[in-house]
Every structure is written in C-alpha cells, then in structure tokens.
Amino acid sequence: MMNLPNPVSSPKPRVRFAPSPTGFLHVGSARTFIFNWLYARRTGGTMILRLDDTDVERNTDASVQSIFEGLEWLDLGWDEEYKQSARGALHRQMADAILRKGLAYRDFTPAHTGDSEKSGAQGTWLFNPGMREMSRDESDRRAAAGEPFALRFRVPREAGTVVRFTDAVYGEQVKAGADIEDFALLRSDGMPTYHLASCADDADLRISHIIRGQDHLSNTFKHVLIFQAAGYTPPQFAHLPLLVAPDGTKLSKRRHGPVVSVTTYRDAGFLPEAFINFLCLLGWSPKNDREHMSREELVGAFSLEGINRANAVVNFKEPATTAEETFDPKAIWLNAEHIRGLAIADLSQRLLPVVRQAGFAVAPERMLQITPLIRERIKLLRDVLTAADFFFVDQLPPYDPAELIPQKGDPAMALKVLQKAQAVLPNVEFRHDPLDQALRAAAQELGVKAGQMFQPIRVAVCGRKNAPPLFETLEVLGKETTLRRIEQALENLS
RNA sequence: GUCCCCGUCGUCUAGCCUGGCCUAGGACAUCGCCCUUUCACGGCGGUAACACGGGUUCAAAUCCCGUCGGGGACGCCA
C-alpha cells in the first residue's frame with residue numbers, strides 16, 4: 001500500500017488528507033477528505049493519505065483502525081499513503097537547515113508542566129527573550145553539554161514585517177510578524193512538532209494544494225514562514241468553513257459524542273454516496289440549486305470557487321432519542337432520495353446484510369421480492385427492520401385486535417370481512433391482479449367499501465395499519481402464511 | 001487578553017466580486033390541500049430571512065465605515 005512518489009514531476013495537483021489518529025474519523029474530517037478527493041479527481045490530480053502521527057502519547061492503533069474503517073466505508077480511495085512517524089529524518093533535516101540559517105533558535109526553558117489546561121494559552125506570549133537573544137556560541141555549548149532544548153522559529157518581528165498568502169477561499173491574508181509567537185519546531189525530546197512535520201512532508205511530497213479546515217487559517221502564517229525558511233514556495237491554500245454543532249461551536253468528539261463519528265452514520269443505515277452528498281452541501285454549493293448528486297456529478301461540479309466562508313451547522317439533535325432525531329433532517333432526506341434512486345437489485349443487496357445482522361434468515365430471492373415494496377418507504381437502510389418486519393418473522397408479534405376494525409366499522413364488520421377473506425382467498429391465485437379483483441368483488445358482495453375490506457386483512461397479515469400496498473404484500477407473503485394469519489386474527493377477535 | 005475569520009428563512013444555500021432584472025430564488029423541516037385500500041412516494045399551495053446603525057448613489061442584500069453578535073487560533077496537541 002505504501003507507494004513511492006512519482007519521480008516524474010507533474011503539473012497535476014497533489015492534495016492530501018492528513019488526519020492525526022487520536023480518535024474516530026469525524027464528519028468534519030470526512031468532509032475534508034471528500035473535498036480533497038473531489039479536487040484531485042476533478043483535476044486529474046493525486047490524492048494522498050498521510051497519517052500525522054507524531055504525537056506518540058495520544059496516538060492509538062484503535063484510532064488508526066477507526067479512521068480506515070470510516071474511509072473504507074466512504075469508498076473513495078486514495079493514490080499514495082504515508083505515515084509521518086516514519087519520516088522523522090526528513091523533519092529533523094529541515095529543522096537543521098532552518099537552524100543553520102539562523103531562522104530558528106534553541107530554547108532551554110524547561111517544558112511546561114500543565115499541558116492541556118488552557119490557562120497558559122490565555123495571555124499573549126510571543127517568545128522567551130533570554131532564549132531568543134542567546135548567542136550562537138552559548139547555545140551551541142549548552143546543546144553540546146547535553147542540555148535539552150526545544151527548537152523555536154525566530155519569527156521576524158521588526159516593525160512593518162508581515163507574512164502574507166492568498167487563500168483560495170478566504171482571499172488575501174496578512175498578519176504582522178509581531179502578532180505571531182515563536183512557535184516550536186522540535187520538542188525537547190527531538191520529535192518534530194505538527195507544524196514542522198506537516199510542512200516538511202508537504203514540501204517533500206510536493207503537495208500543490210492544502211485543503212483543510214478553517215481552524216488552521218491562523219496557523220497558516222506559521223506554515224508560510226516555515227516553507228520560506230526552508231527554501232520552498234508555499235503551496236496553494238484553501239481553507240474550508242467549519243462544521244459546527246447546533247450550539248454554534250465546532251464539532252468535537254468530546255462535546256458532541258457519536259453523532260460526529262462517520263461510523264455512526266454507516267451503522268444507522270446511510271448510503272455512503274448519500275452521506276458524501278450531504279457533506280458536500282455543507283460549505284459548498286454547485287450554485288445551480290442542484291442537491292441530489294451522484295459521485296460522478298459531484299466530481300464534475302466541484303470547484304474551490306464554490307466553497308463558502310461561513311460556518312455550516314450540522315443540524316443534529318443534542319439529546320438524541322431515535323435515529324430520525326439524531327441526524328440532520330436533510331441528511332436523512334438525501335439518503336431517502338439516494339435509496340429511491342437505487343435499482344431494486346442493488347438496494348436489495350445492501351439491505352440483505354442489515355436484515356441478517358438483525359438475526360433474520362432471508363434468502364436473496366425473497367429480499368429481491370420485498371425490496372420494491374419498501375423502497376419508497378424507508379429513509380435509512382435500517383428502516384427495513386421496521387418496514388418489512390412481518391415478512392421476516394414466522395409468528396407476528398402481538399397487536400391490539402381493535403386495529404382490525406375498519407374505518408367507520410365495528411367488530412362485527414371486521415369479523416365478516418375476515419371470514420369472507422378466509423372463504424375467498426383459498427381459490428385465488430396469489431398475484432396482484434387476481435387478488436385485486438377477488439377482494440374488490442368480495443367487498444361488493446359484503447356491501448362494504450374497498451378500504452373497509454382491505455384494512456382488516458392488512459392488519460391481520462402485517463400486524464399493523466401502516467404497511468406496503470396490500471396485494472403485493474399478500475403475493476410475497478404467500479397463500480399459506482396469509483391464511484394462517486387471518487385465522488389467528490379471527491381468534492384474536494373473539 | 002491578542003490576532004484572524006464570519007453574519008441572507010429554524011437549517012443548508014442562490015444572489016454580493018461586475019449596484020437596478022430581488023415585491024430576495026431553491027432545498028430540507030413545518031403547516032394545509034390533492035392523489036390514494038393504510039403508510040409512503042408524487043403534485044399543488046402557505047408560513048418564514050438580507051444582524052443593526054450610519055454613509056455613498058437616482059438606486060444597496062450587493063460598495064464604504066461603525067456597532068453588535070457568533071466562531072477560530074494563540075501548547076515542547078494536531
């Protein structure tokens with residue numbers, strides 16, 4: 001899977017998705033992946049997956065697994081794959097080069113103890129004067145003596161110095177050097193920081209476009225500084241508006257829970273293509289009111305110009321109770337749209353594992369018969385379990401016999417109808433048209449409306465009022481099961 | 001605190017750069033009607049937004065300034 005970069009330098013774009021394996025793949029990361037992928041496919045470029053795993057403390061194998069699991073479900077693929085932890089030599093080499101040019105300095109200040117508590121980040125810390133100004137000789141001497149140090153970038157902070165770049169989404173960006181702190185390049189254990197490793201790899205992998213979340217917009221000034229210090233032209237940047245929760249804050253695994261995990265969508269029965277479609281509509285627009293789009297259509301329509309600047313709310317419900325309530329209604333609608341657009345055979349195949357996983361033994365041929373009856377009635381693949389349950393079970397779960405009583409009818413009518421059905425059905429061929437004719441004729445003989453005839457039968461065979469159309473249902477259920485269930489309904493009624 | 005970004009219906013968005021065609025369009029959600037053997041699908045219709053205040057202009061959602069609001073970054077995390 002580990003590919004070597006193409007040795008022939010190509011003008012085609014090279015983009016990358018660089019997650020850090022510190023948790024499951026969340027929807028914001030998934031969207032970043034998708035936008036990068038779309039851009040690569042649209043332009044005939046190369047999609048690179050790079051695991052940014054330089055934080056040994058927090059990286060876990062479980063997280064790596066979870067990220068791959070999510071990406072595999074998306075089923076988009078990538079062309080090259082790298083692991084940052086295997087490229088340490090390259091990172092140190094770049095740090096060295098920057099130090100030698102005098103653009104970085106050693107900071108012998110002991111590492112801060114309280115790491116994760118934000119209190120330290122509140123003030124306006126820019127640099128440690130004693131360290132920034134230390135002579136080269138003293139610095140070399142102390143380093144040679146084995147004293148640990150962090151390597152910091154010497155940010156040019158003379159009056160009037162600015163760092164600038166043009167973002168493909170946010171436009172011209174300028175920041176005074178005096179407003180950028182002397183960020184670390186190397187930790188005191190010699191490991192590269194994210195900023196260094198990321199830039200060194202982006203330069204080495206000849207990344208042409210960095211498409212990532214807007215939370216990195218202000219970090220980008222540091223990255224521009226690193227690229228320039230190391231003698232590289234910075235790539236094109238394109239920052240994506242953030243995906244935020246209904247409370248307005250950026251989606252976080254810790255605060256918002258499983259709703260932000262890609263696998264949650266998978267497990268709830270989303271189609272990957274629908275999920276991708278939904279994510280694309282968050283922070284990007286094809287500008288022509290199109291919403292339901294296939295992968296191919298998305299590839300054809302995607303452009304950096306279509307990306308918005310304002311954050312987008314993923315409209316899920318915080319205290320989620322049912323799947324319907326958990327997810328953004330538009331995601332559910334889009335999923336239903338994609339389901340309706342699927343060929344019966346295709347949908348059937350995707351439904352089968354869901355049904356089997358729930359513990360029902362269903363033959364593929366039978367699933368193929370059931371699928372057309374529920375395609376317009378399910379929004380998530382998992383809905384098959386509640387929409388078609390009566391096809392799977394041998395014995396219907398108990399239901400209220402009062403349900404058997406038709407509109408504007410009484411128990412006597414229910415009884416009459418079911419008995420009539422019991423009498424007529426054995427001699428009817430169980431296909432749509434014959435059933436239709438026979439049951440309508442029966443209703444007429446009984447002097448009841450068609451609906452009054454159908455409802456008791458529907459409840460008898462399905463166990464509830466809301467179900468797929470009756471004749472098709474009976475056809476799939478078969479004569480034997482139908483008559484048995486009518487018999488049971490009759491017993492329940494008395 | 002410092003710096004950066006953003007602000008059109010409840011939500012996703014079109015329009016903004018290149019002012020007038022905007023009595024602001026589409027979609028989801030919601031409400032109502034129709035279709036109909038139930039449900040669903042489908043069809044039709046309704047409610048609903050240019051954050052606010054100043055400019056500039058014959059004319060501003062669109063340009064300028066300010067205010068307010070929201071978000072993000074500031075770590076030897078990524």
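Residue numbers begin at 1 in each chain, while the letters A, B, ... track the order of the sequences.
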Task: A:Asn308 side chain near B:U13 phosphate (N/O to OP1/OP2, under 4.0 Å) - done: yes
Open item on the list: Please determine whether a side-chain nitrogen or oxygen atom of A:Gln173 lies at a distance below 4.0 Å from atom OP1 or OP2 of B:C5.
Closed with: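 Checking A:Gln173 against B:C5: at least one side-chain N or O falls below 4.0 Å of OP1 or OP2.
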Open item on the list: With a 4.5 Å cut-off on side-chain heavy atoms, are A:Thr161 and A:Val155 touching?
Closed with: no
[atom1] of [X] versus [atom2] of [N]: gap in Å, rounded?
| X | N | atom1 | atom2 | value |
| --- | --- | --- | --- | --- |
| A:Arg152 | B:C76 | CZ | P | 5 Å |
| A:Asn311 | B:G69 | CG | C1' | 14 Å |
| A:Trp284 | B:G26 | CH2 | C1' | 15 Å |
| A:Asn219 | B:C5 | CG | C1' | 13 Å |
| A:Leu243 | B:G70 | CG | P | 20 Å |

- [ ] Kindly state each residue pair satisfying salt bridge (charged side-chain N to carboxylate O under 4.0 Å, His left out) with at least one member in residues 332-342 of chain A, sequence neighbours excluded.
- [x]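 Residue pairs passing salt bridge (charged side-chain N to carboxylate O under 4.0 Å, His left out), neighbours aside: A:Glu337-A:Arg340.
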Enumerate all atom pairs, one protein N or O and one N or O from nucleotides 42-49 of chain B, separated by less than 3.5 Å.
none

Measure distances between side-chain N and O atoms of [X] and base N and O atoms of [N], and say whether any donor-acceptor pair falls under 3.5 Å.
| X | N | answer |
| --- | --- | --- |
| A:Asn315 | B:G10 | no |
| A:Glu291 | B:G26 | yes |
| A:Lys330 | B:A27 | yes |
| A:Ser188 | B:C76 | yes |

Task: Quiz item: cation-pi between A:Arg152 and A:Phe127, 6.0 Å / 45° - done: no
TODO: Show your reasoning for whether ring-ring contact (aromatic ring centres under 6.0 Å, His included) applies to A:Phe454 and A:Phe471.
DONE: CA-CA 9 Å; A:Phe454 302 156; A:Phe471 312 129; 5.2 Å; yes
Task: Nucleotide nearest A:Phe454 (side chain, heavy atoms from C-beta), chosen from B:C3, B:C12, B:U37 - done: B:U37
TODO: Ignoring the backbone of A:Asp179, work out which of B:U37, B:C3, B:U13 is nearest its side chain.
DONE: B:C3
Mind checking if [X] touches a base, just sugar-phosphate, or nothing, with heavy atoms under 4.0 Å?
| X | value |
| --- | --- |
| A:Arg309 | sugar-phosphate |
| A:Phe221 | nothing |
| A:Gly283 | sugar-phosphate |

Open item on the list: Tell me which one of A:His223, A:His91, A:His216 satisfies ring pair (Phe, Tyr, Trp, His ring centres under 6.0 Å) with A:His195.
Closed with: A:His223
Task: Result of checking A:Thr32, A:Asn36, A:Thr220 against A:Arg212 for side-chain hydrogen bond (donor to acceptor under 3.5 Å, both in side chains) - done: A:Thr220
